[in-house]
Amino acid sequence: MAPPGPGRCYIPYQWNTFSRRAGRCPRRPPRQLPTASRKRGFFVSGGVMDDRYDPKPIEERWQRVWEDARAFHVDNPPDPAHADRSRKTYVLEMWPYPSGTLHMGHVLVYTIGDVLARFRRRTGWHVLRPMGFDSFGLPAENAAIREGGHPRQIVERNIAHIRREMTRMGWAIDWDREVSAHEPDYYRWTQWLFLKLYEAGLAYRKSAPVKWCPNDQTVVANEQVKDGRCERCGAEVISRNLEQWFFRTTAYADELLGDLREIDWQDRIKSMQRNWIGRSEGAELLFRIEELDEDVPVFTTRPDTLFGATFFVLAPEHPLVERLIEGSPNADELRDYVGRAAVKRGEERAAAEEKTGVFTGYFATNPANENRIPIWVADYVLMDYGTGAIMAVPAHDERDHAFAEEYELPIVQVVAPAGAEDASVEGAYVAHSENEVLVNSAQFSGMTSPEAKRAIVDWLGDRGRGRPAISFRLRDWGFSRQRYWGCPIPIVYCDRDGIVPVPEDQLPVELPDIDDYLPKGKAPLASAEDWVNVECPRCGGPARREVETMDTFVDSSWYFLRFCDPHNDRAPFDRPIVDYWNPVDQYVGGVDHATMHLIYARFFIKALNDLGLVGFREPFAALFSNGWVQLGATKMSKSKGNALGPDELIEAYGADAVRLYILFIGPADQDMEWTEGGIEGITRFIRRLWRIVSEAAGSSPRGDVPANELSRKAHETIARVTDDLGRRQSFNTAISAVMELLNALARAGVQDPAARFAAETAVSLIQPYAPHVAEELWERLGHERLWEQPWPEADETQLQRETFELVVQVNGKVRDRFEVDVGLSEEELVARATASPKVQAHLNGATIRKTVVVPRKLVNIVVN
RNA sequence: GCCGGGAUGGCGGAACUGGUCAGACGCGCCCGACUUAAAAUCGGGUGGCCCGUCAGGGUCGUGCGGGUUCGAGUCCCGCUCCCGGCACCA
């Protein structure tokens, strides 16, 4: 099938082949009972026509019932500080951005959360499962610019639509707790929390080069840049220096890394965070520049190669470069080089085929051997990693080696493979074997590399020229955005008092209505003169408000706390309530937030914990990261414009089918492909369930359930589904298990003494996935309110079998299998096994060397 | 380059701690029932090769090559390819 065009659903409505409403066929004859089926007794007497499974009325009916019953509302405990937390569970999916409609990625995430929440409710947990919207951010503002209207109107219209879609999906949400980022009741507290972080020194302002999108006229975060282009609009990003607000995420770098050990997240997500944080151990060493009377620190992971440092390199942005230019014989060339490096993008610098640099004319003193080595400025050294200066060891670093070759700088080997100390090494010798030994390194020669690292740092430390150091790739989080549709930063700038926080009692600093959101190189809010000009809260003099707004990742760094106490107007939340529900027991969301959102939220919680506002240090105890839902070979996402929405699928197949299928495609943590054949198949399953259970409701025997094959299958299914949902989070296999049970029921027939029990079990177990049809069938079976019935329990005694199928192997190959009593001893099992004629045929008189007995499974006879 | 994940029928996948002939469940396909016909529905079949008229039996088979073990899709060693993250990060 050709990929769908932009914005078009690829499922035509006429594929709806079973909904009477859409699929009316004038030639369809009056429906007859299929005689074969009637013989088997599958149909309730009195009219198959009226009893076809039709999802629409069923789903609408039960959604109404749940709403009237406030079925998914959950109260906070009356005394959360002393409440028993042992049966609470907080199930949360990532805060959705309210774009026009939901797509299948949303359907997957929220169905996973829904199944878990519904399952946990029925297993006796006190379940918090809220919903709201991450409603600030660029798309709404761009839509307002494009189509007119206010971003608020656009966002609120979208929210209303999505809320309706979510209800139609049958997701069990406590809507009383709905919270959205753009509501003043919410962002008031975002501002309040910002002020707390500011007071604690965790939010600060500094001039920094930032990525700037000339199209969106805004700062974009490093992680929103892909291949040098703006992730949203695709324009090429340039570098600009601006005064920016930052959160001091690096203050928690070590802890953000270390605490990954304590949380139950998939390895791939943890690994992404580890890469992102990028910790490396090494040393900071001081090189002296005599002419400037400066000691310049460098960071290195290879202090053992210090004797091989033959030159010294500063990043073009290094603060000392200015002073070096002044006295340099190469001043003009240097100035030119630094100027060109400044406008280059980082990607260009990295992609450069050959390394470039300019000699400054100055020398630095190697603290190990007092050698004076030339100081170069080169753009392969980055200002924002380490100290922006390096000692170059061309013999043992590929980049330094390339540079030394280019400019014919000396290369001195100081590490060699043990036993080959005299052999010269081509290129940069960077082998990380256990057997590296130092050479040409004074008293350290002969030591292994690891020994020498410690010894050299200790030796320099004694003389005040070095110390162990750890460097991180993680940067502080720049959260200033020069856009309108975001949370205003509650700061004013006073000529006399400088940066002044807005007093708490004046919050929220409301986002004013303005006429023109179009950025013109300055933030749109700057044009709201009445709003910008204020009295300084401190001195009463003239002052101006901060016109930048916050990155939306600030909003989403604490929303899960507000859900716990959403209507609090005295504080963002009460700590005992938040401490009762948190940390989130089960978070669900896509890998696309593996680094940004999940790092920022973790940072926020650590900071809030240090401020005494919350009593925990990790926000999300367990994380389920779902895979992508793909349509053909194309990823489904709103940016690609090929989103396939749930609305038309619900029309065609019903919400229960959509819910079941999205989880049946494959393991939910792996990428999956949506196919229409697949959802047809799952629809067949629902119709089969409908027909067989309806029949069982009418004609299956009542009374005690005997222990027979069907009842045992039912109990086995209970055990499997419970384990799949509770421990394994294996959603697709649980559906398979219920299908097997239904097949067994169909085979046994509805007259089987255990048929009613099997039918009830199937309906009960499928309820988290297909709550509407399950509720309807539950009613037919003569019960009510399945959503609050206790989850079935497998009867252990029913799971015990009196016999089992003994597998007999000869030399590891299966030669026979037969039923035997479970009570037989090993000797008896071996006797029965060897007695088998089929086994005898393979033994063929050979000598039995050994027998292996696996209890309740097999006997393996080993012959020569 | 470093780190993480993965490879099983025509397809999506199952096999959870090494142990019941690997392939559950579903899709697709084939055959049959019902039908004037089709759809829907229902029943049956469906890894390859070989032997056999049938019944049945043999043999190979979980990306590739080795190994451990009575027994390997599962564990170990060495590869190939695919997906993702990080990357002039010193």
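Chain letters run A, B, ... following the sequence lines, proteins first and then strands; every chain starts at 1. Quick caveat: nothing in here was measured; it's all calculated off a predicted structure.
Nucleic acid contact class of A/Asp267 (heavy atoms, under 4.0 Å, all strands): sugar-phosphate only.
Defined by atom type and a distance below 3.5 Å, a donor-acceptor pair is present between the side-chain atoms of A/Asn743 and A/Arg688. A/Ser736 and A/Thr733 share no donor-acceptor pair across their side chains, judged by distance under 3.5 Å alone. For the residue pair A/Asp400 / A/Tyr380, a side-chain donor-acceptor distance below 3.5 Å is found, with atom types taken as modelled.
In this structure, A/Lys355 does not pair ionically with A/Glu406, as no charged nitrogen and carboxylate oxygen lie closer than 4.0 Å.
Across all strands shown, B/A33 forms a Watson-Crick or G-U wobble pair with B/U41, both key distances being under 3.5 Å.
For A/Asn275 against B/C86, a side-chain-to-base donor-acceptor contact under 3.5 Å is absent. Taking 3.5 Å as the limit, the base of B/C86 and the side chain of A/Arg274 contain no donor-acceptor pair of atoms between them. Below the 3.5 angstrom threshold, one finds a donor paired with an acceptor across the side chain of A/Arg475 and the base of B/C89.
Listed in residue order, the members of residues 304-317 of chain A having a heavy atom less than 4.0 Å from RNA chain B come to none.
Residues A/Ile665 and A/Ser736 each lie close to RNA chain B; by heavy-atom proximity, the contact nearer the 5' end of the strand is made by A/Ile665.
Side-chain atoms of A/Gln266 come within 3.5 Å of backbone atoms of A/Ser625 as a donor-acceptor pair (strictly under, hydrogens ignored).
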Per-nucleotide protein contact string for nucleotides 26-31 of chain B, where B marks a base within reach and S marks sugar-phosphate only (heavy atoms under 4.0 Å, - for neither): SSS---
